[in-house]
Amino acid sequence: MAAEPRWLPRVVLDAAHLDQVRAHGGLARVRDENALEAALARAPQKWHYNPKVRFPELVAAYGFGVATAHPYNDGNKRVAFLAMAIFAGLNGRELVATDAEVVTVMVGLAAGKITEAELAEWLGSHLVAD
């Protein structure tokens with residue numbers, strides 16, 4: 001990638017999480033600050049240390065990080081998906097998938113049945129330019 005992407009700010013992810021909790025229920029608090037910060041750092045670290053990283057891999061880093069670290073008390077799968085969608089949008093891409101596809105992928109990811117590399121592969125065929 002040539003230009004540095006626009007990274008997902010913590011305040012944006014926290015706001016997305018709060019919005020989801022208000023809409024769907026659950027506890028609106030961070031469970032583990034360190035896990036959240038580590039999840040948010042995955043994509044920038046990949047970009048800085050791997051000059052050949054592809055954009056879907058950066059998107060996957062956000063989703064995998066949040067879904068597997070469980071940084072919030074509730075709604076981690078939902079906010080993991082939103083992290084990917086928001087990051088993609090910040091960088092001129094849209095994540096296009098059916099609700100059924102999203103549920104299958106996010107449940108599989110959280111259950112450890114989908115790897116980060118597999119998520120990146122799936123994202124490669126579901127990210128389109130705005």
Side-chain angles (χ1 to χ4, degrees):
M1 295 188 66
E4 185 168 358
R6 292 181 63 197
W7 303 115
L8 177 62
R10 158 96 187 250
V11 67
V12 172
L13 191 61
D14 283 344
H17 176 256
L18 181 58
D19 185 56
Q20 287 298 300
V21 168
R22 285 181 178 156
H24 304 286
L27 297 174
R29 284 200 296 254
V30 174
R31 181 190 64 82
D32 186 332
E33 287 284 338
N34 292 329
L36 180 54
E37 292 299 329
L40 288 170
R42 290 177 69 83
Q45 287 176 346
K46 283 182 180 289
W47 188 82
H48 286 289
Y49 293 107
N50 181 358
K52 295 181 181 181
V53 69
R54 297 177 310 115
F55 187 73
E57 294 170 303
L58 298 177
V59 179
Y62 279 118
F64 184 85
V66 174
T68 59
H70 306 284
Y72 295 101
N73 285 315
D74 284 314
N76 289 291
K77 291 184 290 292
R78 288 175 291 188
V79 80
F81 174 76
L82 288 172
M84 294 188 299
I86 294 167
F87 175 65
L90 287 171
N91 290 284
R93 309 254 176 58
E94 183 179 1
L95 180 48
V96 178
T98 67
D99 290 346
E101 288 176 303
V102 170
V103 169
T104 299
V105 167
M106 297 313 295
V107 168
L109 185 61
K113 295 180 180 184
I114 295 176
T115 66
E116 187 172 349
E118 291 168 332
L119 178 61
E121 184 71 27
W122 180 81
L123 287 163
S125 62
H126 289 83
L127 289 167
V128 296
D130 282 347

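Computed from a prediction, not measured in an experiment: that's the story for all the values here.
- Follow the hydrophobic side-chain contacts under 4.5 Å out from Leu13 and you reach Leu90 in the same cluster.
- The hydrophobic clustering, which links ILVMFWY residues whose side-chain heavy atoms are closer than 4.5 Å, places Val12 and Leu36 together.
- For the residue pair Pro56 and Leu123, the shortest heavy atom distance occurs at O-CD1, 3.8 Å.
- Looking at every heavy atom in both residues, Leu18 comes nearest to Ala28 through CD1-CB, 3.7 Å.
- How far CG of Leu8 is from CG of Leu58: 12.0 Å, rounded to the nearest 0.5 Å.
- With hydrogens and angles ignored, the 3.5 Å screen pairs no side-chain donor or acceptor of Asp32 with any backbone N or O of Pro71.
- Within a 6.0 Å radius of CZ in Arg31, more than 12 heavy atoms belonging to other residues, nucleotides or ligands are found.
- Residues Pro5 and Trp47 share a closest heavy-atom pair of CD-NE1, 3.5 Å.
- For the salt bridge (charged side-chain N to carboxylate O under 4.0 Å, His left out) test, residues two or more places apart in sequence or in another chain that qualify with Lys46 are Glu116.
- Taking a 6.0 Å sphere around CD of Glu121, one finds it holds 12 or fewer heavy atoms contributed by other residues, nucleotides or ligands.
- Contact detail for Ile114 and Leu109: the closest heavy-atom pair is O-CD1, 3.4 Å.
- Within the model, atoms CG of Leu119 and CD of Glu57 stand 11.0 Å from one another, a figure rounded to the nearest 0.5 Å.
- Rounding to the nearest 0.5 Å gives a distance of 11.5 Å between OG1 of Thr104 and NZ of Lys113.
- Under a hydrophobic clustering in which Ile, Leu, Val, Met, Phe, Trp and Tyr are joined whenever their side-chain heavy atoms come within less than 4.5 Å, directly or via other members, Val105 and Val103 fall into different clusters.
- Taking the salt bridge (charged side-chain N to carboxylate O under 4.0 Å, His left out) definition, one finds that Arg10 meets it with Asp14, Glu33, Glu37, sequence neighbours left out.
- Minimum interatomic distance between Met106 and Ala67 (heavy atoms only, all atoms of both residues): CE-CB, 4.5 Å.
- For Tyr72, the ring pair (Phe, Tyr, Trp, His ring centres under 6.0 Å) partners two or more places apart in sequence, or in a different chain, are His17.
- The closest donor-acceptor contact from the side chain of Tyr62 to the backbone of Phe87 lies at 3.5 Å or more, if one exists at all.
- In this structure, Leu82 and Gln20 approach most closely via the heavy-atom pair CD1-CG, 3.3 Å.
- No continuous path of ILVMFWY side-chain contacts below 4.5 Å connects Val21 to Ile86, so the two sit in separate hydrophobic clusters.
- Between the side chain of His126 and the backbone N or O of Trp122 there is at least one donor-acceptor pair closer than 3.5 Å.
- Annotation: cation-pi pair Arg42/Phe64 absent, no NZ/CZ under 6.0 Å from the ring centroid and within 45° of its normal.
- Within the model, atoms CG of Asn91 and CZ of Phe55 stand 4.5 Å from one another, a figure rounded to the nearest 0.5 Å.
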